[in-house]
Q: 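The structure is given below, and queries will be raised subsequently.
The structure displayed is predicted, hence computed values, not measured ones.
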Amino acid sequence: AKRRDQEAGSSIERIDLPNEEAATSDQRIVSAAMGAAIDEGSASPDAKKSVGGEARPRYYRVAHHHAVAVHETMSLASAAACFKAPGSVLRGTAAESSPGEHAWVRLCSGEGYVLLEHPTDGIFLQALEPASFKVAHKALLVRKEASTSASVLQIKKEGDTLLVDGHLEGWLKVHSLKQASPDADSDMPGSAGGLVEASGWVMIQHPTYGKLVQYLRGNVPTFTDPLAFEGAMDATPSSVYTGKAADPLTERMKLELDKMRGVVREKETASDQSRDVNFDLIRRGLMSNAGQSSSHSFCVQGNPL
């Protein structure tokens with residue numbers, strides 16, 4: 001392992017890194033991270049699936065013009081745990097269903113299941129493709145968390161293309177970052193445990209080095225928290241696309257305002273559905289009572305008026 005690190009380190013060009021630690025620490029990070037970096041194109045087909053052969057989690061956008069219900073089970077008859085507003089972005093896994101049955105998405109947040117397409121109301125969820133960014137600095141650190149103190153997973157060089165799932169307070173979540181599994185052999189990364197997908201984060205704008213990435217194409221949602229289970233398209237600041245510095249406080253206020261709007265829309269949807277149910281019960285009761293009376297009278301609870 002020591003010999004491999006020396007060989008990898010000797011073949012790496014010495015470059016300036018846009019991070020916050022001392023220069024000596026930066027060079028150690030470069031050697032370790034790039035020596036263990038894995039070519040994403042060499043990933044096996046099995047790497048596209050999670051443990052147990054299930055489909056990989058991905059992001060979906062609420063494409064319906066009204067809020068959609070999150071059900072407790074994969075049944076329209078099950079209770080609604082909550083509602084998701086139009087434009088919301090959700091992380092979930094396509095749930096297995098029998099032929100002829102409705103397709104569902106199991107939310108990674110654990111809240112429940114959302115129907116992909118309603119039999120009468122149309123499409124509820126639309127799968128999202130990751131956005132594309134280009135590395136605009138000599139080197140870019142991909143960190144485990146959206147923090148400058150988080151450990152470095154990989155190093156990206158200038159000109160590399162990044163696939164991005166979303167944004168959080170000046171950081172971008174990197175899509176499908178390939179890493180060696182923890183139980184892999186130390187001398188042969190990926191030989192035992194193979195490749196697994198890890199979450200990685202990169203800075204958009206550095207206070208000293210300036211712009212680190214350049215937007216290319218695609219839509220970038222903004223997540224509500226570091227877990228990145230949920231977000232919204234309209235909460236993303238223009239600085240993500242333009243690369244210009246933005247006030248973090250302003251971004252946070254916009255995000256909180258969007259969350260408040262979502263809560264209000266969810267309560268309004270629940271109220272509308274409850275009112276529709278009450279109207280339907282009254283209508284059925286009146287029709288039933290009317291059937292119990294003669295054609296020349298009208299009844300309420302079986303008593304003619």
Side-chain angles (χ1 to χ4, degrees), residues 56-72 76 80-95 102-133 146 163-175 199 201 204 215-242 246-248 250-274 276:
R56 292 184 305 179
R58 65 179 306 171
Y59 288 95
Y60 297 85
R61 180 179 65 87
V62 177
H64 200 257
H65 58 280
H66 291 307
V68 300
V70 179
H71 293 269
E72 294 180 350
L76 290 174
C82 59
F83 295 86
K84 300 300 180 182
S88 297
V89 175
L90 313 171
R91 182 170 174 82
T93 304
H102 301 308
W104 292 82
V105 171
R106 178 178 60 82
L107 299 186
C108 294
S109 61
E111 295 173 287
Y113 299 82
V114 179
L115 192 64
L116 266 177
E117 184 173 358
H118 195 275
T120 57
D121 293 340
I123 297 175
F124 275 9
L125 297 181
Q126 183 179 43
L128 287 179
E129 296 297 330
S132 297
F133 283 76
L163 296 180
V164 170
D165 286 325
H167 159 263
L168 177 67
E169 298 180 358
W171 291 78
L172 297 176
K173 182 176 181 290
V174 180
H175 174 81
S199 296
W201 297 83
I204 300 176
Y215 168 77
L216 295 178
R217 66 185 68 87
N219 296 318
V220 184
T222 290
F223 299 122
T224 56
D225 55 54
L227 294 177
F229 287 153
E230 186 173 349
M233 287 294 184
D234 54 5
T236 303
S238 60
S239 60
V240 173
Y241 299 101
T242 62
D247 182 13
T250 302
E251 291 190 20
R252 183 177 290 275
M253 291 178 64
K254 289 181 179 179
L255 185 59
E256 292 297 329
L257 180 59
D258 183 73
K259 289 172 63 177
M260 293 175 61
R261 289 173 177 170
V263 172
V264 172
R265 285 194 294 262
E266 182 176 324
K267 291 183 177 180
E268 289 178 346
T269 301
S271 177
D272 291 342
Q273 291 193 351
S274 177
D276 292 341

Q: Output side-chain donor-acceptor pairs under 3.5 Å for residues 63-70, partner residues at least two apart or in another chain, one line each.
A:
| unit_1 | atom_1 | unit_2 | atom_2 | d |
| --- | --- | --- | --- | --- |
| H64 | ND1 | H66 | N | 3.1 |
| H64 | NE2 | D121 | O | 3.2 |

Q: Can you tell if the side chain of R91 reaches within under 4.5 Å of the side chain of E230, non-hydrogen atoms only?
A: no

Q: State the CZ-NZ distance between F124 and K84, to the nearest 0.5 angstrom.
A: 15.0 Å

Q: Between S132 and L216 (side chain of the first, backbone of the second, donor and acceptor by atom type, cut-off under 3.5 Å), is there such a pair?
A: no

Q: Please give me the minimum heavy-atom distance between C82 and E111, naming the atom from each residue.
A: SG-OE2, 3.6 Å

Q: Give a yes or no on whether the backbone of V220 and the side-chain of Y241 come within a donor-acceptor separation of less than 3.5 Å.
A: yes

Q: Give the minimum heavy-atom separation between D165 and P130, together with the two atoms involved.
A: OD1-CB, 4.0 Å

Q: Shortest non-hydrogen contact from L115 to A103?
A: CD1-O, 3.5 Å

Q: Applying side chain to side chain contact (heavy atoms under 4.5 Å, CB included), run through V240 and I204 and close with a yes or a no.
A: CA-CA 7 Å; V240 173; I204 300 176; 4.1 Å; yes

Q: Any non-hydrogen side-chain atom of N219 less than 4.5 Å from a side-chain atom of M233?
A: yes

Q: Determine, stepwise, if the pair L116 / W104 fulfils side chain to side chain contact (heavy atoms under 4.5 Å, CB included).
A: CA-CA 5 Å; L116 266 177; W104 292 82; over 6 Å; no

Q: Donor-acceptor check, side chain of T236 to backbone of T222, threshold 3.5 angstrom: yes or no?
A: yes

Q: Which is it for L107 and V114 under the side chain to side chain contact (heavy atoms under 4.5 Å, CB included) test, yes or no, and what are the steps along the way?
A: CA-CA 7 Å; L107 299 186; V114 179; 4.1 Å; yes

Q: Kindly compute the distance separating OG (S109) from CG (L90), expressed to the nearest 0.5 Å.
A: 7.5 Å

Q: Mind checking side-chain contact (heavy atoms from CB on, under 4.5 Å) for A85 and listing every partner two or more places apart, or none if nothing turns up?
A: S88, R265

Q: To the closest 0.5 Å, what do you measure between CG (L76) and NE2 (H118)?
A: 5.0 Å

Q: When rounded to the nearest 0.5 angstrom, what distance separates NZ in K173 from CG in L168?
A: 11.0 Å

Q: Check the pair L125, R61 against side chain to side chain contact (heavy atoms under 4.5 Å, CB included), reporting the backbone distance first and the verdict last.
A: CA-CA 6 Å; L125 297 181; R61 180 179 65 87; over 6 Å; no

Q: side-chain hydrogen bond (donor to acceptor under 3.5 Å, both in side chains) with E129: which residues, sequence neighbours excluded?
A: R58

Q: Could you tell me if the side chain of V105 sits less than 4.5 Å from the side chain of T93, heavy atoms only?
A: no

Q: Restricting to non-hydrogen atoms, name the atom on G218 and the atom on Y215 that form the minimum distance, rounded to 0.1 Å.
A: O-OH, 2.6 Å

Q: Considering non-hydrogen atoms only, spot the tightest contact between P221 and V89 and give its length.
A: CB-CG2, 3.7 Å

Q: Assert yes or no for the condition that the ring centre distance of F229 to Y59 is strictly below 6.0 Å.
A: no

Q: If I take atom NE2 from residue H102 and atom OH from residue Y113, how far apart are they, to the nearest 0.5 angstrom?
A: 16.0 Å

